[in-house]
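Just so it is clear, the values below take in all heavy atoms, side chains as well, and ignore hydrogens, waters and symmetry mates. Note on naming: letters A, B, ... go to the chains in the order of the sequence lines (proteins, then strands), and numbering restarts at 1 for each one.
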Number of protein chains: 2
Amino acid sequence: MAEFRFINACFRRPVDRIPVWIMRQAGRYLPEYRAVRERTDFLTLCKTPELAAEVTLQPIRRLGVDAAILFSDILIPVEPMGIKLEFNPGPLIADPVRDRSRISALQVPDPGRSVPFVLRTIERLRRQLDDQVPLIGFAGSPFTLAAYLVEGRGSKEWTVLKKLMYTDPVSFHLLMSRLTDMTIAYLNAQIDAGAQAIQLFNTWAVILSPDDYEEFALPYDRRVLTSLKGAGQVPRILFGQGSSGLLELMATAGADVVGVDWRIDLAKARERLGDGVAVQGNLDPAVLLAPREVVIERTRRVLRQAGSMPGYIFNLGHGILPETPVENAIAVVETVHGFLPT
Amino acid sequence: MAEFRFINACFRRPVDRIPVWIMRQAGRYLPEYRAVRERTDFLTLCKTPELAAEVTLQPIRRLGVDAAILFSDILIPVEPMGIKLEFNPGPLIADPVRDRSRISALQVPDPGRSVPFVLRTIERLRRQLDDQVPLIGFAGSPFTLAAYLVEGRGSKEWTVLKKLMYTDPVSFHLLMSRLTDMTIAYLNAQIDAGAQAIQLFNTWAVILSPDDYEEFALPYDRRVLTSLKGAGQVPRILFGQGSSGLLELMATAGADVVGVDWRIDLAKARERLGDGVAVQGNLDPAVLLAPREVVIERTRRVLRQAGSMPGYIFNLGHGILPETPVENAIAVVETVHGFLPT
């Protein structure tokens, strides 16, 4: 088996350099990605293995990052549950899931039949990557998927979601349970197809109080993370944005790595997460809009805050912005690789 | 001078009951507010002392809260700096402030001439309140005002703002300095007119890393808070949303009280803020959309997390939602007042 510095860092083993990848590294800031998107809509791109694999590889060639991440969207596997999905450009579910009958009707299909294109993309990528860097698979956490399913689209206050949660917790837990079953099957199929690490995106945990996270979301994150194949071989990363109030709870979810955004000092984040997990993060993506010298200085600052412990993966605190100059993304990767871990 | 439990709690003195007020307590969830708004647009309402005072008093009558807060908007005092302002329904600045020449041209007017209606509203309210409850004045923090001035409207990523901050910090600091001068004059005029407490809303501090808050925003929050008249008499509250990564820094800003949202356990927030400040918060406003028994149970849970120390004011973690049933807002206030502080 190949030795990957990304995988070693996830398991808090020594590394020669700090590994780095970038959330949304396959994306609009790359001219070669925009060229593909000019002739293909987003959903078709996600569902066509040749194209999805191609855009996954683009940042590997351009940036020299230490991991590839499957190009897809967290809502892709909910479509075959019986959800009509559009992107306009954000996700849009015209007929949101808001009552018991809709929740009960949700299917938990076999990923081999429902999303074969995702598995074919992974198999293709493993051949094309040829162990140059490991491949990360991913899914949305059940709570983040539930947020979109109930609300129908991104929201500022998420009041429809929270109203269901507080008013009909039994239905809400049933929805979470279905989404959890689906997510476990989906991620295990990704691992069987060749994914060498998994990131679970709990993007919208940020809208919950710690009590609500513990009651309505954490048990499902934990069930997903502890039901995955390849424990000790295939690292599991749990990412939350704006989650500095939830870190102690997230540390108990069963992940090998917790990903944090820029809203907390990495030194404090590591202290609060404890020694049981590695940490991933956390440069503000907006820093990459700054002049090159600022980008390099801020990248070094994050590296210094990450400190000297093993178990650290550099990343942005959220997805790279479409208006990012490619040379600044390259400068980040070079700065991380030039920094000597102690 | 009248003794107010709200003021006593701000200064960490003993109280007979825990004081409570609600952010946006004068607002759309009240039918009597909607009745006023049916015949008056938002800016006219802010600028007409009779009407602004009337809607300020509505929640005092309805809810029995322990403080009134001036009805206005944080952007009201930036208009006379030379900014054309609309609400549609969110704030909209058609010609945002993005370069040095626009920043240099910003006026710092005398509030007595630029916003006399705010001062008349406060004077009128003090007469009408007749020391029944104290009156809170407020302003947006310089960073939050800068966010709107540069971006022109609310934003998801605030990239124009951050790009200016990182690319031309000298201009950004000049903008912050002007806004700070304006805010100090504005708040001191409110205090002179009769405001008995001040809340500084740093709503958008949440988008900054702790390092950036310390460099670009905290010095200005501190300059505002330490330049206010009436230290030791007129409590100063600093509110931030999603600020759990910034609490230790906010505790040093010179406020008597730090307001926090629901994204952190109040017990942890108090621990991290230390003994030098009181705390205000932090029920999730969406809880008020739940059935009455859930509202009461969740209110009690916040009260228990706040613990037994003096120096606590109950509030929501953010503004009350327009769809909130009035009876649930009343239930919150009654539950807080029925809870025995220890």
Open item on the list: Between B:T252 and B:R222, is the side chain to side chain donor-acceptor pair (under 3.5 Å) condition met? List the steps.
Closed with: CA-CA 8 Å; B:T252 72; B:R222 188 178 285 136; 2.9 Å; yes

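- The pair A:D168-A:R98 fails the salt-bridge criterion, with no side-chain N (NZ, NE, NH1 or NH2) lying under 4.0 Å from an Asp/Glu carboxylate O.
- For B:V295, no part sits under 4.5 Å from any heavy atom of chain A, backbone or side chain.
- The residue among A:H318, A:R301, A:Q305 with the most heavy atom pairs within less than 4.5 Å of chain B is A:R301.
- Ring pair B:H173/B:F216 is parallel by interplanar angle, where below 30° counts as parallel and above 60° as perpendicular.
- Residues A:V279 and A:L266 are in side-chain contact: their nearest non-hydrogen atoms beyond the backbone lie under 4.5 Å apart.
- The contact between B:L208 and chain A is made entirely by backbone atoms, counting heavy-atom distances below 4.5 Å.
- Contact check for A:Y148 versus A:L161: no side-chain heavy atoms found under the 4.5 Å cut-off.
- Of the listed residues (B:S243, B:P291, B:G242), the greatest number of heavy-atom pairs within a distance under 4.5 Å of chain A belongs to B:P291.
- Each of A:L247, A:I264, A:D211, A:L164 has some count of heavy-atom pairs under 4.5 Å with chain B, and the biggest count is that of A:D211.
- The choice from A:P210, A:A269, A:P285, A:G245 that makes the most heavy-atom pairs within less than 4.5 Å of chain B is A:P210.
- Using a cutoff of 4.0 Å between basic side-chain nitrogens and carboxylate oxygens, A:R298 and B:E215 are scored as salt-bridged.
- Counting heavy-atom pairs closer than 4.5 Å to chain A, the top-ranked of the candidates B:T159, B:D265, B:V294 is B:T159.
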